[in-house]
Amino acid sequence: MIKILFVCLGNICRSPMAEFVMKDLVEKKHLTTEFYITSAATSSEEIGNPVHHGTRNKLKELGISTAGKLAVQLKKKDYGNYDYILGMEQRNITGIMRIVGSDQKGKVKRLLDYGLNPRDIADPWYTGDFDVTYNDVKEGCEALLDFILKSEGYN
Ligand code: 4NP
């Protein structure tokens with residue numbers, strides 16, 4: 001079982017988008033049972049809140065449901081429970097490290113560090129543009145899944 005945790009500031013926009021896009025990619029490869037995929041926040045701001053309507057509507061257009069997801073906060077013990085811990089932007093890496101303390105196993109990276117053009121995922125909180133965020137998230141999730149499947153010997 002490969003365990004993946006996506007992390008952003010609030011766990012209502014970017015990291016749930018990555019969670020459900022990655023679940024969809026994995027399902028299309030008939031590998032759902034091989035993965036555990038979820039998401040969390042570095043801040044306590046949005047705990048218990050549902051996915052932001054911008055993310056919900058963008059994924060709905062694509063036939064991907066975010067039903068049932070409520071924001072949760074990253075905990076120190078999560079470090080031991082996941083193989084890949086992916087921040088959406090550099091600020092999230094700082095937030096993750098503040099909570100987990102150290103990254104001795106090299107699990108903590110930005111999602112788009114797995115892509116050909118490493119960068120932050122666009123933050124829709126200020127722009128309201130969930131299309132750009134989706135394109136970034138999809139690019140990152142596809143690159144991450146390719147990396148995982150190669151390193152785990154699936155292809
Ligand atoms: P997210 O978006 O980190 O992608 O879920 C945000 C959610 C809440 C806030 C900022 C970004 N906020 O400032 O409360």
Novice: Taking Glu142 first and then Lys138, would you say they form a salt bridge - that is, a charged N and a carboxylate O separated by under 4.0 Å?
Specialist: yes

Novice: Return yes if some donor-acceptor pair links the side-chain N/O of Asp83 with the main-chain N/O of Lys3 below 3.5 Å, else return no.
Specialist: yes

Novice: Can you see whether Asn92 engages Thr42 through a side-chain donor-acceptor pair at a distance of less than 3.5 angstrom?
Specialist: no

Novice: For Trp125 and His52, take the angle between the two ring planes, folded into 0 to 90°, and tell me which bin it lands in: parallel under 30, tilted 30 to 60, perpendicular over 60.
Specialist: perpendicular

Novice: Give, for atom CD1 of Ile148 and atom OH of Tyr84, the distance between the pair rounded to the nearest 0.5 Å.
Specialist: 4.5 Å

Novice: Check whether Ser43 reaches the backbone of Leu9 with its side chain - one donor and one acceptor, N or O, closer than 3.5 Å.
Specialist: yes

Novice: What distance separates Cys141 SG from Phe20 CZ, expressed to the nearest 0.5 Å?
Specialist: 12.0 Å

Novice: Can you hop from Ile99 to Ile12 via hydrophobic side chains spaced under 4.5 Å?
Specialist: no

Novice: Which residues pass the side-chain hydrogen bond (donor to acceptor under 3.5 Å, both in side chains) test with Asp103, not counting sequence neighbours?
Specialist: Tyr79

Novice: Could you tell me whether Lys58 sits above the aromatic face of Phe130, with NZ or CZ closer than 6.0 angstrom to the six-membered ring centre and within 45 degrees of the axis?
Specialist: no

Novice: Quick check on salt bridge (Lys or Arg N to Asp or Glu O under 4.0 Å): which of Lys109, Arg14, Arg110 does Glu89 satisfy it with?
Specialist: Arg14

Novice: So Lys69 and Asn11, side chain to side chain contact (heavy atoms under 4.5 Å, CB included) or not? Walk me through it.
Specialist: CA-CA 10 Å; Lys69 171 64 187 172; Asn11 193 214; 3.0 Å; yes

Novice: Would you say Glu27 has more than 12 foreign heavy atoms packed within less than 6.0 Å of its CD?
Specialist: no

Novice: Would you say that Tyr154 contacts Ile2 through its side chain, given a criterion of any heavy-atom pair below 4.5 Å between the two side chains?
Specialist: yes

Novice: Just by distance, do the side chain of Asp136 and the backbone of Thr133 share a donor-acceptor pair under 3.5 Å?
Specialist: no

Novice: Output, in order, the C-alpha distance, side-chain angles, deciding distance and verdict of side chain to side chain contact (heavy atoms under 4.5 Å, CB included) for Val26 and Ile37.
Specialist: CA-CA 10 Å; Val26 160; Ile37 301 166; 4.0 Å; yes

Novice: Can Glu139 and Arg119 be counted as an ion pair, charged N to O under 4.0 angstrom?
Specialist: yes

Novice: Rounded to the nearest 0.5 Å, what separation is found between the CG atom of Leu144 and the CG atom of Leu112?
Specialist: 10.0 Å

Novice: Do other residues, nucleotides or ligands put more than 12 heavy atoms under 6.0 Å from the NZ atom of Lys107?
Specialist: yes

